[in-house]
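What follows is a single structure, written as structure tokens, with notes after it.
Throughout, numbering of the chain's residues begins at 1 and tracks the sequence. When a ligand or atom number is given, it counts from 1 through the structure's own listing order.
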Amino acid sequence: MLKKVPADIDALKTLDDKLRWLSAWTIHHANHIRESSDGLKVGGHQASCASMTAIMAALYFHALGPNDRVAVKPHAGPVLHAIHYLLGSQTLEQLKNFRGFGGMQSYPSRTKDKIPVDFSTGSVGLGVAITAFASLVQDYLTAHGMMDEADRGRFVALIGDAELDEGNIYECLIEAYKHDIRNCWWIVDYNRQSLDATSADRMFERFDEIFASCGWRTVELRWGKKLAAALAKNPDIRDWLEALPNADHSALLYQGGSAWRARIGSDLGKKSDAFLKSHDDEALGALMSDLGGHCMETLVEAFDAAQDDVPTLFVAWTVKGFDLPFAGHKDNHSGLMNPTQAQTLRDSMGIKDGEEWEPLAGIGGNARAGVEALIERSRIAREKRNRDFGRISIPSIPAPQGEEQSTQAAFGRILLDLAKSGAPLADRIVTTSPDVTVSTNLGAFVNQRGLFKRREMIDVFAKAKIPSAQKWSATNQGQHIELGIAESNLFLMLAALGLSGDLFGERLIPIGTLYDPFIARGLDSLNYACYQDARFLLVATPSGVTLGPEGGAHQSINPPLIALGQPGLRHYEPAFADELAAMMEEAFRLIDAPDGESTYLRLSTRSIEQVERADDRWKDGALKGGYWLREPGAKAEAAIVAMGAIMPEALAAWEELGGDIPGLGLLAVTSPDLLHRGWTAAQAQRWGGNREASHVEQLLSRLAPGAGLVTLCDAAPASLSWLGGVLGNRVAPLGVERFGQTGSLADLYAAYRLDGAAITEGIAELLLPQTSS
Ligand SMILES: Cc1ncc(C[n+]2csc(CCOP(=O)(O)OP(=O)(O)O)c2C)c(N)n1
Ligand SMILES: [Mg+2]
């Protein structure tokens, strides 16, 4: 897995300097040299970069193999770009356009950056956790024969020390332990500083134990070789330094040699005389900055020693802003060198004025040959790969039969039929759920295809012949990954599964289920998955007040609004089983389509009477976001617009009111998200000369100008009320705006105004002459 070539320490040290320079200069250029058109600060994090250049040099130019994947701490993005610049896989133009439009991104981005980025980062914590889930996906693929064992890689996360406060890391750690994950290196850049200040000492004494108890090997890289040697000879200094609080340590690193001398002298008195005498101020300052994370020998040794697949946490002590004028200062997180300071750094690196961007400027003589050779050796398959789509054949998905069905039950039946069908698609499906497999109706699929675990797990209940509808045994051939109750993990798991095509060359079809209200629990992780263009199907059920007696805290109100604002995720909300079948087929297609996306299905446990279809014409509209379930008459003055599980109320009201209101139509909305997108896209295009009306405009243009719409959904009424803005229809918006009542459906629909009476009142509101005040 790792290269066995002996490390060229001198060349690695030179590259460490080079990365520190190039990352600092890239940020400097964007802030001080590139013209600013709007006067806004560009920003960037020179200190967070300088903290990690040695670690990243040791990784990218020594330790990483071609199959290894790295999540880089967001604020060290410029170091990653500098590495690719040296490797020849990043252009000068991109470096010069750091944080500019179309230029290299502020934080590593899989989709926006031009260099290969294994995992996007930005929202701290998430990039760490996804590496563990990606390693699980690798184990899944090798166990299923979709990937050669020899092609296995290691998953490396480069972590800020303050990032370790993010709870999602510990949720992931627990899950990772249950699944016995391996091949992970998490490397903490322990610079003892966060954004606001220095970080809490007390907690750091505990991290070792937390990780060790979850099966991780922990390796502390505290001192560099020189400092370690000096401390070995001076145990008093060592004890004193080990007890030094974070804030004091940072302040002394900032103040430098004379401050160290004064403080050591005053704290240790005579005991420190000999030590202090043997170093002048400059040497003392340099010695005390020789921490493990900046010592190339220490880093290389540690990485070389961790060649097995045991998950390993390295805590590398570093200096935030190492070698920069604000090294160690508690306020340096967004600190930028001024032009004079940048020039001083440049001079200290031996780089001439005008040669700042020269990749190897300042490296002379013999050193240059060594560095060139190392760069050449390190071009390890790090080209940006073209994404490979369209290889999976998607069978047509027939609608489950039955006069009365819920969409949730239909979902379970469709998956069961697929599991039994033996279609190649079914072999690529991986289901996952945070302890709601059974209650979201994944159970039948799991009975067919089994749970996935690297080590076999027998179903004790089945073995004892205790009757149970649910088989619960696991092998490494299973296709369901059961998670604990941590919704953030669900989305990270879906993100890792949904990137398997890119990461490992084999696309999987991930399906995750959870209760609709708990989407909010993992929202940032869901956004993170979408931002990386991971592809999956998310099934949220049950939803709304329609879960009736179980309601209360489990009622979901706003997920359709969340979906309306979430790029990369398509919301479908079917009322009928045949709609659901069409949507699932479309969702599978979208997972493996270049212009595709992920899909969110909002389902219900309410069993409703299915509609008779005269033909298949509804289907096209349903996949575009809506269709006339009951066609409006010419120039109709009103329509009912309804979505999802309350369709029976809409149909009944339509029957009842149809006699009084000529031409009353019933519009079934299947995706407010798609209708809204189509509407805005068509407007944008109109100014480019394309005058085609969007789907929602076409639908509503069937009504008389200014016709009234009663909109109805088991969700926030704003999910549909915006429809009035499309062609200027007046709207009576019905929906759920308050938490959280249990009761029978009749009680709840009456209380929340989702019933026939409310629809009638809505129509009256719109059509009766307004009384003037
Ligand atoms: C979820 C999230 N919250 C807040 C931030 C803002 N933020 C960016 S970096 C940072 C501090 C990071 O400190 P550390 O992890 O120690 O990294 P360092 O820069 O010190 O290496 C914060 C709070 C963020 N990026 N993501
Ligand atoms: Mg830090």
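- Comparing heavy-atom distances from atom 3 (N) of ligand 1 across His45, Gln193, Arg192, Glu166 singles out Glu166 as nearest.
- The shortest N or O to N or O distance between Ser48 and ligand 1 is under 3.5 Å.
- Nearest to atom 7 (N) of ligand 1 among the protein's heavy atoms is Leu195 CD1, 3.8 Å.
- For His333, every heavy-atom contact with ligand 1 shorter than 4.0 Å involves the side chain, none the backbone.
- Remark: atom 5 (C) of ligand 1 lies closer than 4.0 Å to no protein heavy atom.
- Using a 4.0 Å cutoff on heavy atoms, Ser194 counts as a contact of ligand 1.
- A salt bridge links Lys225 to Glu301: one of the charged nitrogens lies within less than 4.0 Å of a carboxylate oxygen.
- Residue contact annotation: Ser199 has no non-hydrogen atom under 4.0 Å from ligand 1.
- Counting just the N/O/S atoms of Asp161, the one with the shortest distance to the Mg ion (ligand 2) is named OD1.
- Taking 2.8 Å as the criterion, Ser48 does not count as a coordinating residue of the Mg ion (ligand 2), since none of its N, O or S atoms falls below it.
- In this structure, the side chains of Asn246 and Ser199 come closer than 4.5 Å at one or more pairs of heavy atoms.
- Shortest contact from atom 13 (O) of ligand 1 to any protein heavy atom: Ala162 CB, 3.4 Å.
- Between Ser123 and ligand 1, not a single N/O pair is under 3.5 Å apart.
- With hydrogens and angles disregarded, a donor-acceptor distance shorter than 3.5 Å links the side chain of Gln46 to the backbone of Met337.
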